Amino acid sequence: MQNENITKAKEMFWKYCGVKQYMDSDGVLAEYEAFGIPEEQEELWKNEIAKEQYDTVLDVARAPQERTMAAASLLDSFHPEWYAALLQVICEGGPVGLDTYSLEKVYICLLGYALRYPRPQAEITEDVCSLLDCLKKLREGPITIDRDSVATLELLMQTPVDETYVKEDIQKQIEYFEKKLP
């Protein structure tokens with residue numbers, strides 16, 4: 001297969017996040033399949049897409065407080081096909097190297113996403129419960145705070161962001177999202 005064909009196939013795969021039903025609905029599935037991309041290669045591309053989305057979540061978590069909501073809008077580009085894998089990675093171990101406050105932002109962004117994209121109610125409930133469990137574990141564990149990530153917040157609120165603040169904030173988020181459950 002020529003490099004230009006591989007490049008074109010990869011562009012198509014990425015554009016549709018590897019979801020062939022969307023390629024089909026746009027009338028390009030036959031063109032994509034004509035490239036004859038092996039399943040092994042598609043799996044590699046899927047892993048690249050998943051890593052990119054995971055990195056987006058880390059970017060959201062590391063964004064200074066004043067940019068968090070803008071950065072969280074990046075999650076709107078997530079595709080439901082990848083959300084489940086991303087959720088599993090984060091709930092199993094969480095992003096490595098993040099302080100508690102930043103990790104809380106990751107879970108909150110994912111909770112918002114879990115409630116926004118349409119699918120069966122049982123799946124929504126399961127995901128929200130999984131993320132709430134992550135938040136509860138976070139609240140009960142050791143609290144770490146990256147002073148740089150909370151500096152602006154402290155200035156705006158005129159209050160220190162310390163262990164008590166973070167635990168109370170996590171508790172408020174838990175209560176808020178528990179109310180969203182059916």
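Given the structure is predicted, the values throughout are model-derived calculations rather than measurements.
Taking all atoms of both residues into account, the shortest heavy-atom contact from Leu135 to Ile174 is CB-CG1, 3.8 Å. Contact detail for Met23 and Phe13: the closest heavy-atom pair is CE-CA, 3.8 Å. Taking all atoms of both residues into account, the shortest heavy-atom contact from Leu132 to Phe177 is CD2-CB, 3.8 Å.
Annotation: the span from Leu44 atom CG to Glu39 atom CD amounts to 12.0 Å, rounded to 0.5 Å. With rounding to the nearest 0.5 angstrom, the CD atom of Glu104 is 8.5 Å from the CD1 atom of Ile143. Residue Glu42 holds its CD atom at 4.0 Å from NZ of Lys20, rounded to the nearest 0.5 Å. Rounding to the nearest 0.5 angstrom, the gap separating the NZ atom in Lys8 from the OH atom in Tyr32 is 12.5 Å. Atom CD of Glu175 is separated from atom CD of Glu178 by 7.0 Å, given to the nearest 0.5 angstrom. The line from CD of Glu4 to CZ of Phe35 is 9.0 Å long, rounded to the nearest 0.5 Å.
Side-chain N or O atoms of Thr100 include none that pairs as donor or acceptor with a backbone N or O of Ile145 at under 3.5 Å. Of the possible donor and acceptor atoms, one in the side chain of Asp162 sits under 3.5 Å from a partner among the backbone N and O of Thr164.
Classification of Glu43 and Lys46 as a salt-bridged pair holds, one side-chain N sitting under 4.0 Å from a carboxylate O. With respect to the salt-bridge test (charged N to carboxylate O, under 4.0 angstrom), the residues Glu168 and Arg139 do not qualify.
Side-chain contact between Gln121 and Glu126 is absent, with no heavy atoms from C-beta onward closer than 4.5 Å.
If you run side chain to side chain contact (heavy atoms under 4.5 Å, CB included) between Met12 and each of Val28, Ile37, Asp26, Leu29, only Val28 comes through.
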